[in-house]
Amino acid sequence: MTPRLRARDQRVAITGFSMVTPLGLDVEATWSALMKGSSALECRILDEKHLVAVAPLPEGDLGVSARVRTVSDRGTVLGASAAAMALESAGLSIASSDVGPERMSIMVGTSFGGIGSLVDEDRRTRAGRGRVSPRLVTRAIPSALASHLAIEYQVTGPVMTYMGACAASAQALGEAMLAILTGRCDRVLAGGADTLFVDPIMWSLMAAGALATLDADESAAEAVRPFDRARRGMALGEGGAFFVLESEALARARGAQIYAYLVGFGTGNDAHHVSAPEPSGLGAERVMRMAMESAGVTSRDIGYVSAHATGTKLGDAAEAAALLRVLGDGVPVSSVKGALGHSLGAAGAIEAALSVQVLRTHMMPANTGIEQPDTAGAPSGLLFAPSQIKPGALVLSNSFGFGGHNVSLIFAPGEE
């Protein structure tokens, strides 16, 4: 059970945040496109019989050096870009004089780490194009991004990598909150990154019925519809997002802008199935209630839910059932995966960053891709257009992953 927050100076402040997504290479570009109703989804050919929906990043400068791009997996590059922007928005460079490097921490979430590099190297060497690179292990290992950030920013405190599938980076944020509350660390750079456009992953997701397949004359947006009656799977995305988290007392002492507060964290497991959620959503319900208890709030305090909903038949319905039991009817809910796709291990951090934007702009994004809500598997408060959030309300962000991993985070408004 996570500790309940009582004293004002115990709150965990978000003083920097960023995102790199298929809709844009920073927070403002992504948010602007999302609120205009744009979609990053497109079709990709797997073979002559199979078209699938994907959401790749747009072309552009990620602000990462040529050296890092050369020796790193693309997932590390995306994460390095997001981390640098988060530190910039926090007004920090590398190790800050107000906090020693041993009191800083890095916590990263990813699903497969550098599997793209592993698959590419295997294909290259099997084709006889040279011997295996001595850098393969350090490039492909799941902890590569966390290690890169530790070296880049000279962080000697805890450097952790979480691999709870689609809930991985949300777990990293929650663990960062606990690390600050318990005094383990003073400041944490937390988030995640993922990119999984490799054939084995895409074929496996398609075989499992999780990846939306398209007809030849169909657009990707027509197939990926979270909470819609016609939903039939997700679009694979990529991206990254990072946060600078610190105690409110430390943030105020250095005069930092506080964008929002991370006030609630719930984590658990369905213990049900390796790929399917527990049908009634009991695991999702548990972590949402845990997050509210840790924050010391009730359902009446929640003004918006950033749903995990990916567009799968079982997952969306289980989450909708859990939301009804926890929050009742009418709480505004939307999923952005119809616009951004599902970046698996990075999704929790990206949607957490969007949750902060909801609090900053006082606007909630629409549920993207929906035409006809599933009467048996969609929340009653589903948003069909951008709407204003109730002043002072909190945001609940859900992340539910393969293997039954469940995480809920709650964010409170910062300061204007």
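Remember, predicted model here, so these are calculated numbers, not experimental data.
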Does the side-chain contact (heavy atoms from CB on, under 4.5 Å) test come out yes or no for Thr361 and Trp31, once each step is laid out?
CA-CA 10 Å; Thr361 64; Trp31 185 252; 3.3 Å; yes

Output for pair (Glu319 CD, Leu314 CG), nearest 0.5 Å, gives 13.0 Å

Side chains of Leu323 and Asn398, heavy atoms from C-beta outward: is any pair under 4.5 Å?
yes

Would you check if there is a donor-acceptor pair between the side chains of Thr15 and Gln257 at a distance under 3.5 Å?
no

Inspect the surroundings of CD in Glu102 and state if more than 12 heavy atoms from other residues, nucleotides or ligands are less than 6.0 Å away.
yes

Going by atom types only, do Asn269 and Asn406 share a side-chain donor-acceptor pair under 3.5 Å?
no

All heavy atoms of Ala251 vs all of Ala13, minimum pair found to be CB-CB, 4.1 Å

Partners meeting side-chain contact (heavy atoms from CB on, under 4.5 Å) with Thr375 (sequence neighbours left out)
Arg229

If you look at every heavy atom in Val27 and Met19, which pair is closest and at what distance?
CG2-N, 3.7 Å

Are the side chain of Ser169 and the backbone of Gly109 linked by a donor-acceptor contact shorter than 3.5 Å?
no

In short, salt bridge (Lys or Arg N to Asp or Glu O under 4.0 Å) pairs touching residues 201-227 with sequence neighbours left out are Glu218-Arg232, Arg225-Asp228, Arg225-Glu371

Other residues, nucleotides and ligands only: do more than 12 of their heavy atoms fall within 6.0 Å of CZ on Arg135?
no

Value for CZ (Phe400) from CG (Asp316), rounded to nearest 0.5 Å, stands at 11.0 Å

Pairs involving residues 186-234, ordered by first then second residue, that meet ring pair (Phe, Tyr, Trp, His ring centres under 6.0 Å) (sequence neighbours left out):
His50-Trp203

So how far is it from Ser335 OG to His308 NE2, rounded to the nearest 0.5 Å?
8.0 Å

Between Asp98 and the options Arg254, Arg187, Arg103, the side-chain hydrogen bond (donor to acceptor under 3.5 Å, both in side chains) test singles out Arg187

Partner of Tyr304 under side-chain hydrogen bond (donor to acceptor under 3.5 Å, both in side chains), picked from Ser355, Ser387, Ser334, is Ser334

SB check Arg289 Glu285 (cutoff 4.0 Å)
yes

Can you check whether Met288 reaches Leu396 side chain to side chain, under 4.5 Å on heavy atoms?
yes

Within the distance-only criterion (no hydrogens, no angle test), does the side chain of Ser343 pair as donor or acceptor with the backbone N or O of Gly237 below 3.5 angstrom?
no

Which heavy atom in Leu394 sits nearest to a heavy atom in Ile389, and how many Å separate them?
O-CD1, 4.4 Å

Working to the nearest 0.5 angstrom, can you tell me the gap between Asp73 CG and Arg139 CZ?
7.5 Å

List in chain and number order the residues that pass ring-ring contact (aromatic ring centres under 6.0 Å, His included) with Phe17, two or more places apart in sequence or in another chain; answer none if no residue qualifies.
Tyr259

How about Ser111 and Asp194: does a side-chain donor come under 3.5 Å of a side-chain acceptor?
yes

Please enumerate all residues that pass ring-ring contact (aromatic ring centres under 6.0 Å, His included) together with Phe243, with sequence neighbours excluded.
none

Do Thr21 and Leu57 come close enough that some side-chain heavy atom pair is under 4.5 Å?
no

Here the pair of heavy atoms bringing Ala339 nearest to Ser38 is CB-O, 3.5 Å

Lys/Arg N to Asp/Glu carboxylate O, Asp374 vs Lys313, below 4.0 Å
no

Criterion salt bridge (Lys or Arg N to Asp or Glu O under 4.0 Å) on Glu248 and Arg252, from CA distance to verdict
CA-CA 6 Å; Glu248 183 174 17; Arg252 290 186 180 280; 2.9 Å; yes

Test side-chain contact (heavy atoms from CB on, under 4.5 Å) applied to Thr368 and Lys337, step by step
CA-CA 7 Å; Thr368 46; Lys337 292 189 175 75; over 6 Å; no

Ion pair check, Arg126 and Asp122, cut-off under 4.0 Å
yes

Please evaluate residues Leu92 and Val244 with respect to the criterion side-chain contact (heavy atoms from CB on, under 4.5 Å), reporting the C-alpha separation (whole Å), side-chain torsions for both, the decisive distance (0.1 Å), and the verdict.
CA-CA 9 Å; Leu92 296 170; Val244 175; 4.0 Å; yes

Going through the checks in order, is the side-chain contact (heavy atoms from CB on, under 4.5 Å) test met by Ile370 and Phe384?
CA-CA 8 Å; Ile370 195 162; Phe384 297 94; 3.8 Å; yes

Can you find a heavy atom in the side chain of His273 that is under 4.5 Å from one in the side chain of Ser275?
yes

Close side-chain approach of Pro56 to Glu42, heavy-atom, < 4.5 Å:
yes

Do you know the tightest heavy-atom contact between Val77 and Ser72?
CG2-CB, 4.2 Å

Straight-line distance of Arg11 CZ to Tyr261 OH, nearest 0.5 Å:
4.0 Å

Would you mind reporting whether Leu78 and Arg74 have side-chain heavy atoms less than 4.5 Å apart?
yes

By salt bridge (Lys or Arg N to Asp or Glu O under 4.0 Å), which residues pair with Arg44, not counting sequence neighbours?
none

Min side-chain heavy-atom separation Ser306-Val336 under 4.5 Å
no

Could you grab the distance from atom CG of Leu359 to atom CG of Leu354, nearest 0.5 Å is fine?
11.5 Å

Over all atoms of both residues, closest heavy-atom pair of Ala321 and Ser280
CB-O, 3.7 Å

Within the 4.5 Å heavy-atom criterion, are Val132 and Glu121 side-chain neighbours or not?
yes

